[in-house]
Structure formats: structure tokens, C-alpha cells
Protein chains: 2
Amino acid sequence: MKTQSVVEDYVKVIYSHTEWQPEPITPSVLAARLGLAASSVTEMVKKLAAQGLATHVKYGAVTLTAQGTELALRMLRRHRLIETWLVEQYAYRWDEVHDEAEVLEHALSDRLLDAIDEQLGFPSRDPHGDPIPARDGTITRPVGVLLRDASEGSTGRVVRISDRDPLLLRHLEAEGITLDTDLTVIGRAPFGGGFLVRLGAHAGDATSAATGATPADLDLGDQALESIWIAAA
Amino acid sequence: MKTQSVVEDYVKVIYSHTEWQPEPITPSVLAARLGLAASSVTEMVKKLAAQGLATHVKYGAVTLTAQGTELALRMLRRHRLIETWLVEQYAYRWDEVHDEAEVLEHALSDRLLDAIDEQLGFPSRDPHGDPIPARDGTITRPVGVLLRDASEGSTGRVVRISDRDPLLLRHLEAEGITLDTDLTVIGRAPFGGGFLVRLGAHAGDATSAATGATPADLDLGDQALESIWIAAA
DNA sequence: GCTAAGATTTCGGTGTGCCGAAAACTGGTC
DNA sequence: GACCAGTTTTCGGCACACCGAAATCTTAGC
């Protein structure tokens with residue numbers, strides 16, 4: 001019961017892997033995410049299983065038990081509340097909060113966390129649009145589609161941006177794309193061109209949107225397409 | 001460079017021991033304060049010495065080097081700022097902050113700590129009256145005498161109360177004694193009576209103060225006499 | 001100065017989480 | 001159905017901070 005925080009990290013990563021895609025995580029991916037050797041992960045996963053937090057088919061994937069999921073959601077709640085708090089109260093930018101939250105999520109007491117939750121007015125999502133699990137472990141996934149899968153000509157509002165890469169976050173912010181930004185999907189430019197979006201829900205008329213780019217259109221890279229979720233405004 | 005926090009705890013305790021009394025700390029006292037076996041302390045102290053944080057005369061006392069003192073003051077600054085912050089921002093009571101601060105002092109980044117410092121208006125003392133070291137390691141000790149050593153009939157203002165024992169803090173608060181409380185020292189009642197103080201700087205006249213107790217006088221225990229510092233109001 | 005009580009250090013050992021190398025297993029290919 | 005590449009597990013080992021027991025040192029009392 002001493003260095004609990006290692007267990008918390010494993011569980012959090014295992015859970016996170018399935019949050020936006022269905023496949024359960026394999027030991028090698030887990031090792032890569034944690035920055036550890038595969039052999040270390042095998043050992044630790046055995047301990048997680050012994051504690052009833054995970055199940056592990058030999059030579060196969062790692063899955064959380066109900067108890068493990070509960071712990072993961074507690075940690076996710078902590079992480080996302082802390083990120084939100086840093087942005088709201090201490091003027092952190094959304095690309096700067098992750099590392100600090102990574103440490104603090106293991107250190108704050110439940111009491112302090114609840115006080116912070118109240119101070120923030122019980123927010124339901126963090127600065128990247130990720131849902132903050134409720135105290136009872138409830139989590140409501142925001143509806144939305146990956147920008148890559150959005151249909152041409154459609155408009156939508158940004159509801160989530162993956163926090164995986166801080167540099168992408170800074171780039172997008174510089175381009176004017178943050179949470180709740182309205183945008184219109186122009187689509188892929190012909191002859192292998194980039195993927196274009198226009199800021200604003202009503203920018204340009206349908207004809208120009210179907211016809212081509214204007215100087216105001218943004219050419220987003222593949223990484224952005226895989227990171228931005230939009231939903232009907 | 002991983003579990004730095006153990007080193008930080010040792011250094012903090014070593015420093016704290018000399019903050020309000022001159023004697024350097026011995027390994028056994030250090031072990032008691034940390035709740036560890038003496039043998040563990042011997043080992044760790046050797047490592048502190050190897051890192052240039054402490055000097056250790058064999059079979060004798062442990063002292064901090066300039067570098068060790070610097071680290072201790074950084075930790076003390078963290079601890080006391082966090083305590084102040086918990087009280088001011090999150091409605092903790094002064095007897096509840098210690099354990100939370102004990103954990104957080106190892107987890108907050110310098111950046112966040114500075115932001116908190118600013119939010120609090122760069123306070124110079126914590127909720128118990130302990131001075132908060134400045135960013136550059138400067139610390140200004142509040143002037144004052146231990147209540148035990150205060151002369152009879154004198155009046156003063158409470159400038160510090162040791163945070164060693166939360167129960168004492170709660171008791172004193174219930175009796176009406178907190179930081180900046182003015183009080184008059186009546187003195188020790190005759191025939192082995194308790195040590196009496198009166199709330200307020202002007203309560204009663206000199207005669208009654210010299211003569212004896214009134215119902216409003218407080219009879220403080222020995223622990224309180226060793227824990228409360230007063231200075232001219 | 002001697003001794004004994006008490007403090008301190010030394011010594012062997014523990015648990016945790018990590019590693020690299022080697023062995024064992026998987027799934028796909030021919 | 002045998003092989004092979006890649007993954008996973010096993011194995012021996014390491015660093016860290018801790019422990020109790022035994023050895024060593026200090027110091028107070030006489």
C-alpha cells in the first residue's frame with residue numbers, strides 16, 4: 001500500500017487505450033506508453049491480476065476488471081479535473097497542463113479534489129473536451145465524429161481535441177481552432193491536396209465550399225484529422 | 001533523481017529541529033521524527049553527506065551544509081505556502097492542513113507554486129505564524145518570546161503557535177486563542193496552580209492582574225506554554 | 001580509570017519496481 | 001506441418017529505502 005501510484009498509472013493507461021477505440025491493449029503497447037521494458041510490464045500486469053484489477057490472457061491482451069475500471073475512472077477524473085483547474089485558476093495553457101496533472105493526480109486528497117470540483121462549478125469536460133467522470137464513476141462520452149470521417153460540406157463544432165501531442169495543440173490554437181470552434185468541412189483538395197476546413201459555421205456559401213479553397217481556408221495535416229472531433233453545432 | 005522526496009523529508013526535519021532551538025539534531029531524534037529505525041537513518045544520512053547536503057560527525061549530530069539548508073528552506077517555503085493556500089482558498093482549518101501539505105510539497109511544480117504565491121499576495125507567514133521563506137531563501141524570524149518565558153503582567157499579541165499538535169490547535173481555537181490574539185499574562189497561580197492568561201490587551205487593571213484570577217481567565221497547560229509565542233502588540 | 005547504559009553503526013536481509021538476455025510462445029507463410 | 005518474425009514471458013540482477021540484531025562507540029557515574 002505504499003507506491004500505489006505505479007498501479008494507478010498502469011490502470012489509467014490500460015483504460016485510456018480503449019476510451020476512443022475498441023481494441024484492448026497489448027503488453028507491448030502498454031510498455032511503450034509507460035516508457036518501460038516489456039518484461040517489467042509482464043511482471044506488473046501479473047500483480048494487477050493478483051489484486052483483481054485486471055485480467056490477462058497469457059501472451060495476449062490486458063483488460064480491466066470492473067474494479068480496475070473503477071480505479072481508472074477515479075484517476076481519469078482526477079487528471080481531468082486537475083487539468084481544468086490549472087487552466088481556469090492558474091492561467092496554464094491547454095498544452096501545458098498534462099505533465100503537472102500527471103504528478104498531482106497521485107498527490108491530491110479526495111477532500112481537496114472535491115473542493116476544487118466545487119470551485120470549478122462541477123465541470124463536465126476538461127480543456128480538451130474529454131469528459132470528466134463523475135464522483136460515482138459515471139462518464140458521458142461526447143457525441144461527435146473524427147474530422148477525418150466528417151462528410152464534405154458539413155458544418156460542426158469542435159467537441160474534442162486529443163491531448164496526445166502538445167505541439168499539435170499549440171499549432172491548432174494558433175490557427176484559431178480550439179474547443180467549441182465552429183467550422184465547415186471543405187474536404188480533400190483534388191489531386192492529392194490537403195484536407196481543408198473553413199472557420200465558422202456559415203463561412204462562404206455552399207457553391208464556393210464545393211468549388212474550392214479561399215485564402216481563409218485551413219489545410220490541416222493528417223495528425224489533426226485524427227485528433228479533432230466535431231459534432232453538429 | 002527518482003525518489004527525491006525522501007531526501008527532502010530528511011533535510012526538512014533536520015532543519016526544522018534547529019529552527020526554534022539551537023541544538024543540532026541527533027540520529028535518534030531524527031529517526032523518531034521520521035518514524036524510522038535508527039539504522040535506516042544512519043544509512044540515509046551517509047547518502048545526504050555524499051550528496052553534500054549534510055555533514056555528520058560519527059556517533060554524533062547531523063548538520064546541514066549550506067546546500068542542505070537551501071533545500072530545506074525551499075521545502076519549508078513549499079510546505080508553508082501550501083498550508084496557507086489550503087486555508088485561504090479551500091476552507092481548511094489550521095489544524096487540518098499539515099498532512100495534505102506534507103504530500104503536496106513534493107508534488108507541485110515551481111511554476112504552480114509561484115502562481116499560488118502570487119494568488120495569495122506573497123504572504124510572509126503561514127496560518128500558524130511560521131515565516132514563509134522567500135524565493136531566494138531569505139527567512140525573517142518573527143520576534144517574540146515563548147509564553148512560558150513571558151513576564152507576569154505583560155501584554156502581547158500571539159505571533160506564532162507551534163503546529164506540532166493539531167489537538168492543541170483545536171483546543172486553543174476553542175478557547176479563543178489564534179494568531180494575532182491579544183492577551184495579558186497573569187502568571188502562575190500560587191500553590192502550584194496553573195498558568196493564567198487573560199484575553200485582550202487591556203482586560204482588567206494591574207491590581208486585579210496581580211491579585212488573582214477572574215472567571216474569564218484561561219488556565220493554559222504546559223504544552224500550550226511551550227507552543228505559543230507572543231510579542232509586543 | 002572503569003564500567004554500564006544508551007546511542008550509533010554495521011551487517012545481512014526484505015519488498016518493490018525496474019532492466020536485459022534468453023527462452024517460450026503466437027500467428028502467418030509456404 | 002514446419003519455419004520464421006515478432007511478441008511475450010522467464011530469469012537473474014540491480015537500486016532504493018527500509019528493517020532487526022549484533023557490534024561498536026560515547027558518556028555519565030563512581
Side-chain angles (χ1 to χ4, degrees), chain A residues 1-15 17-18 21-64 68 71-72 75 102-103 105-107, chain B residues 1-15 17-18 21-64 68 71-72 75 102-103 105-107:
Chain A
M1 290 292 164
K2 212 47 166 302
T3 303
Q4 175 72 356
S5 79
V6 172
V7 170
E8 292 171 349
D9 280 336
Y10 273 81
V11 166
K12 204 184 51 171
V13 171
I14 296 169
Y15 180 91
H17 188 260
T18 46
Q21 64 150 87
E23 295 300 302
I25 199 167
T26 61
S28 52
V29 173
L30 185 48
R33 284 264 194 292
L34 289 165
L36 300 176
S39 53
S40 311
V41 169
T42 300
E43 260 183 9
M44 197 62 206
V45 165
K46 248 189 286 185
K47 291 178 192 172
L48 294 185
Q51 292 182 43
L53 295 170
T55 57
H56 178 37
V57 288
K58 259 203 168 189
Y59 294 97
V62 181
T63 334
L64 291 180
L71 176 57
M75 295 315 297
E102 202 67 25
V103 177
E105 66 190 4
H106 304 295
Chain B
M1 289 292 160
K2 212 45 166 306
T3 303
Q4 175 72 355
S5 79
V6 172
V7 170
E8 293 172 347
D9 279 336
Y10 274 81
V11 166
K12 204 184 51 169
V13 171
I14 297 169
Y15 180 92
H17 188 261
T18 46
Q21 64 150 84
E23 296 299 303
I25 199 167
T26 62
S28 53
V29 173
L30 185 48
R33 283 263 196 290
L34 289 165
L36 300 176
S39 53
S40 310
V41 169
T42 300
E43 258 183 13
M44 197 61 205
V45 164
K46 248 188 288 187
K47 290 178 192 169
L48 295 185
Q51 290 180 242
L53 295 169
T55 56
H56 178 37
V57 288
K58 259 203 168 186
Y59 295 97
V62 181
T63 335
L64 291 179
L71 176 57
M75 295 316 295
E102 203 67 25
V103 177
E105 66 190 3
H106 304 297

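Numbers restart at 1 for each chain; the letters A, B, ... are given by sequence-line order, proteins then strands.
Here the CG-CD distance, from A:L53 to A:E8, works out to 10.5 Å after rounding to the nearest 0.5 Å. Atom CG of A:L34 sits about 10.0 Å away from atom CE of A:M44, to the nearest 0.5 Å.
Using a 4.0 Å cut-off, some side-chain N or O of B:K58 falls inside it from OP1 or OP2 of C:dT10. Checking the phosphate oxygens (OP1, OP2) of C:dT9, a side-chain nitrogen or oxygen of B:H56 falls inside 4.0 Å. The shortest distance between the side-chain N/O atoms of B:K46 and the OP1/OP2 oxygens of C:dT10 is below 4.0 Å. Within the 4.0 Å cut-off from OP1 or OP2 of D:dA21, not a single side-chain nitrogen or oxygen of B:S39 is found. For D:dA23, neither phosphate oxygen OP1 nor OP2 lies less than 4.0 angstrom from any side-chain nitrogen or oxygen of B:Y59. A close approach under 4.0 Å does occur between a side-chain nitrogen or oxygen of B:T42 and OP1 or OP2 of C:dT9.
At a cut-off of 3.5 angstrom, counting only N and O atoms as typed in the model, there is no donor on one side facing an acceptor on the other between the side-chain of A:S40 and the base of C:dG17.
Within the nucleic acid shown, B:A38 comes within 4.0 Å of at least one base atom, counting heavy atoms only.
Side chain of A:S28, nearest nucleotide from D:dA17, D:dT8, C:dG17: D:dT8.
Counting to the nearest Å, the P atom of D:dC16 and the CD atom of B:E8 are 16 Å from each other. The nearest whole Å value for the distance from the CG atom in B:D9 to the P atom in D:dA17 is 11 Å. D:dA17 atom P lies 10 Å from atom CG of B:L48, rounded to whole Å. The interatomic distance linking A:M44 (CE) with D:dT9 (C1') rounds to 17 Å, in whole Å. Taking atom CG on A:L36 and atom C1' on D:dT8, their separation rounds to 15 Å, with Å as the unit. We find that CD of A:E43 is positioned 10 Å from C1' of D:dT9, with the value rounded to whole Å. Between the CG atom of A:L34 and the P atom of C:dG17 there is a distance of 13 Å, given to the nearest Å.
The only member of B:V13, B:V45, B:V57 that meets side chain to side chain contact (heavy atoms under 4.5 Å, CB included) when paired with B:V62 is B:V45. Tested against A:Y10 for a side chain to side chain contact (heavy atoms under 4.5 Å, CB included), the candidates A:L48, A:L64, A:L71 yield a single pass: A:L48.
Residues B:H56 and B:P27 approach most closely at CE1-CG, 4.2 Å, considering heavy atoms.
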